[in-house]
Amino acid sequence: MKDIFATRAGNRLILLATWASALLVGPLWPACGGAGVADPWKGTARYKFEYRVDFAAVSAPATTDFRIWVPYPKDTKYQRVLAAAIDFPWPHSIETDRLGNRMVYAQGKGVPNADLVMRFEIERDPSDGIPADEALSDSPSDPDLFLGPARLVPLGGVIGKLAARQARGASTDGEKIRAFYDYVVKTMRYSKSGSGSGRGDAIWACDHKRGNCTDFHSLLIGMARSQEIPARFIIGFPIPQDAGSGPIAGYHCWAELFERGRGWLPVDASEAARSGRPEAYFGRIPNDRIEFTTGRDLSLAPPQSGPPLNYFIYPYAEADGAALPQEKLKATFRFERIADPGERPAAGGPIDPGTGKFARSGRD
């Protein structure tokens, strides 16, 4: 098996290292020799990232119509997919939904006889958000797409009343956004204990005043939208600041709220609460993450047979139109922090499904 990242910068072909032998004999990547980690609030970071899906726990007849969707990282103003490769025995394609979320899609009979492995090289900057003049109507950043309720984020009842109370005395959307953020950071406690947390249920978060990042930002988004302030949910993976390489246990999410005249404002209320640094995570987020998807109650591309997904960061599969239990699809994630990127190549594009190699998009 040979996995080669290929990118083009001008007339140069850049070949990145083969990983097959490392996968067979030891850890995915060696440790980084104790090298210091640069300040994630400054400059650009570059990461290798592996997303692996293991189908060993899935059992189905050879005649089963099996469909699989796996989230694929975004290219944004602050994140660039420089190189990518997919290793999977079935034909597959890169699809995009109406919110600009990309995903690998494959369909076949029976169960895949090998893991689906995606490997990326990704460059990430700290994010200050998206200016208002770049949030174009009829684009994935259109604020009007992010105003309505979600299944677990209702806008009336206790959420609407809470937001109205916290907005008293605020005369602008910016003041309301700050009031909602301050309330969530000061009131919510980060905790994964007990049943109910982690679903992004805004009412549960409001009542229990605790939860994980999903719960923090569901409450914040519900409060903002109830006051007709666009707000959107963003999910990806955190990159540990105390390691040069290794596994990643799970996802991390944050939010962006739209202040008219200023644009999309990034916030990370759960990290603000955990770190005790609310000022740091308001209007700016560090480069210690990789962004994958935006939104809640998602319809995939092509559409799934089952109901909309609460959020999309783990693989989703259907067998003869029925959703597979999440625990049947074992997903694992690894990262490596690599050297100072220096000059930035152009942003990346989709994978050529015929070759499995990275195809340039031509985007600046």
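All values below come from the heavy atoms of this structure, side chains included, with hydrogens, waters and symmetry mates left out.
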**OP:** Evaluate side chain to side chain contact (heavy atoms under 4.5 Å, CB included) for Gln227 paired with Phe180, printing each intermediate quantity in order.
**Re:** CA-CA 10 Å; Gln227 299 297 300; Phe180 300 154; 3.6 Å; yes
**OP:** Report the distance from atom OH of Tyr190 to atom CG of Asn212, rounding to the nearest 0.5 Å.
**Re:** 5.0 Å
**OP:** Mark yes or no for whether Arg225, through its side chain, and Gly148, through its backbone, hold a donor-acceptor pair below 3.5 Å.
**Re:** yes
**OP:** Give a yes or no on whether the backbone of Cys206 and the side-chain of Lys209 come within a donor-acceptor separation of less than 3.5 Å.
**Re:** yes
**OP:** Assert yes or no for the condition that the ring centre distance of Trp41 to Tyr281 is strictly below 6.0 Å.
**Re:** yes
Original post:
Should we say atom NZ of Lys42 is surrounded by more than 12 heavy atoms from elsewhere, each under 6.0 Å from it?
Top reply: no
Original post:
So among Trp254, Tyr311, Phe237, which one has a ring pair (Phe, Tyr, Trp, His ring centres under 6.0 Å) with Phe292?
Top reply: Phe237
Original post:
Does the side chain of Thr172 come within less than 4.5 Å of Ile177's, by heavy atoms?
Top reply: no
Subject >> Nearest-0.5 Å distance that lies between atom CZ in Phe312 and atom OH in Tyr72 >> reply: 13.5 Å
Original post:
Does Ser141 offer a backbone N or O that forms a donor-acceptor pair with the side chain of Ser139 under 3.5 Å?
Top reply: yes
Original post:
Got Thr214 and Tyr251 here, is their nearest side-chain heavy-atom distance under 4.5 Å?
Top reply: yes
Original post:
Is there side-chain contact between Tyr314 and Phe333, with at least one heavy-atom pair below 4.5 Å?
Top reply: yes
Subject >> Minimal non-hydrogen separation, Pro143 against Pro230, with atom names >> reply: O-CB, 3.4 Å
Original post:
Between Phe335 and Phe49, does the ring centre distance come in under 6.0 Å?
Top reply: no
Original post:
When rounded to the nearest 0.5 angstrom, what distance separates CD in Gln166 from OG in Ser226?
Top reply: 11.0 Å
Subject >> Distance-minimising heavy-atom pair for Phe120 and Ala84 >> reply: CD2-CB, 3.5 Å
Original post:
To the nearest 0.5 Å, how far apart are CD in Glu121 and CD in Glu336?
Top reply: 9.5 Å
**OP:** State whether the side chain of Trp69 and the backbone N or O of Pro302 hold a donor-acceptor pair below 3.5 Å, judged by distance alone.
**Re:** yes
Original post:
Looking at Trp204, is Arg199 sitting on its ring face, NZ or CZ under 6.0 Å from the six-membered ring centre and within 45 degrees of the normal?
Top reply: no
Subject >> Worked check of side chain to side chain contact (heavy atoms under 4.5 Å, CB included) between Arg124 and Ile290 >> reply: CA-CA 7 Å; Arg124 178 82 192 186; Ile290 297 174; 5.9 Å; no
Original post:
For the side chain of Asp297 and the backbone of Asn310, is there at least one donor-acceptor N/O pair under 3.5 Å apart?
Top reply: no
Original post:
Hey, does the side chain of Arg232 reach the backbone of Trp264 with a donor-acceptor pair shorter than 3.5 angstrom?
Top reply: no
Original post:
When rounded to the nearest 0.5 angstrom, what distance separates CG in Asp268 from SG in Cys213?
Top reply: 7.5 Å
Original post:
Which is it for Ile234 and Lys74 under the side chain to side chain contact (heavy atoms under 4.5 Å, CB included) test, yes or no, and what are the steps along the way?
Top reply: CA-CA 11 Å; Ile234 300 175; Lys74 282 192 171 183; over 6 Å; no
Subject >> Between NE2 on residue His208 and CG on residue Asp215, distance to nearest 0.5 Å >> reply: 10.5 Å
Original post:
Among Lys77, Gln79, Arg80, which one satisfies side chain to side chain donor-acceptor pair (under 3.5 Å) with Asp125?
Top reply: Arg80
Subject >> Under 3.5 Å donor-acceptor, Gln304 side chain and Leu298 backbone >> reply: yes
Original post:
So, Arg67 side chain and Ala317 main chain: donor-acceptor pair closer than 3.5 Å or not?
Top reply: no
Original post:
Any sub-3.5 Å donor-acceptor pair from Arg178's side-chain atoms to Phe282's backbone N or O?
Top reply: no
**OP:** Apply salt bridge (charged side-chain N to carboxylate O under 4.0 Å, His left out) to Asp128 and list each qualifying residue two or more places apart in sequence or on a separate chain.
**Re:** Arg284
Original post:
Can you find a pair of side-chain heavy atoms, one from Ile221 and one from Arg296, that are under 4.5 Å apart?
Top reply: no
**OP:** Indicate yes or no for a side-chain donor-acceptor contact from Ser93 to the backbone of Glu95 under 3.5 Å, with no hydrogens or angles considered.
**Re:** no
